[in-house]
Amino acid sequence: MNIYDIILIAAGLISIPVVCAIWLDFSYSKGKKVSFSLPRMLGWYAAIFVISYVPAAFMIYNMKN
């Protein structure tokens, strides 16, 4: 594994949860008829980041062997 693989994984771990968090908060606010909330979106982002980071960290750790 080289540095470019690590950069691609890092970019995916940052950008994909942002898009998902914005989509989830938009859907949530539309369903509950409340306005878009940045703190709520950051909560969605944190949850999605953890869900996507933990498996990726395990995969990278296992690729060393």
Side-chain angles (χ1 to χ4, degrees):
M1 178 168 9
N2 58 23
I3 190 71
Y4 299 112
D5 294 336
I6 294 171
I7 291 171
L8 287 174
I9 291 169
L13 285 173
I14 293 170
S15 63
I16 293 171
V18 168
V19 172
C20 292
I22 291 171
W23 178 76
L24 280 171
D25 196 52
F26 176 75
S27 299
Y28 178 82
S29 63
K30 186 177 177 184
K32 297 286 185 175
K33 297 194 179 4
V34 294
S35 63
F36 179 82
S37 171
L38 186 60
R40 188 175 56 231
M41 194 221 40
L42 290 174
W44 288 115
Y45 176 77
I48 295 168
F49 181 79
V50 168
I51 291 170
S52 64
Y53 176 74
V54 171
F58 284 132
M59 286 182 0
I60 291 170
Y61 179 75
N62 288 331
M63 290 174 93
K64 288 182 181 180
N65 299 331

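Residue numbers start at 1 and run along the sequence shown.
Among residue pairs with one or both ends in residues 45-61, none qualify as salt bridge (Lys or Arg N to Asp or Glu O under 4.0 Å); sequence neighbours excluded. For the salt bridge (Lys or Arg N to Asp or Glu O under 4.0 Å) condition, the pairs that include at least one residue of residues 36-51, sequence neighbours left out, are Asp25-Arg40.
Remark: Phe26 pairs with no residue by the ring-ring contact (aromatic ring centres under 6.0 Å, His included) rule, at least two apart or across chains. Leu42 meets the side-chain contact (heavy atoms from CB on, under 4.5 Å) test with Leu38; sequence neighbours excluded.
Cluster membership for Ile22 and Ile14, using ILVMFWY side-chain heavy atoms within less than 4.5 angstrom, is shared. In the hydrophobic cluster analysis, where Ile, Leu, Val, Met, Phe, Trp and Tyr join through side-chain heavy atoms closer than 4.5 angstrom, Leu24 is grouped together with Tyr28.
Ile16 forms part of no hydrophobic cluster, judged by ILVMFWY side-chain heavy-atom separations under 4.5 Å. As a member of the Ile/Leu/Val/Met/Phe/Trp/Tyr network built from side-chain separations under 4.5 Å, Phe58 groups with Val50, Val54.
Applying the 6.0 Å contact sphere to OH of Tyr53 captures no more than 12 heavy atoms from other residues, nucleotides or ligands.
Going from atom CG of Leu8 over to atom CG of Asp5 covers 6.5 Å, rounded to the nearest 0.5 Å.
Looking at every heavy atom in both residues, Ala21 comes nearest to Tyr45 through CB-N, 3.6 Å. The minimum heavy-atom distance linking Gly12 with Pro17 is given by the pair O-CD, 3.6 Å.
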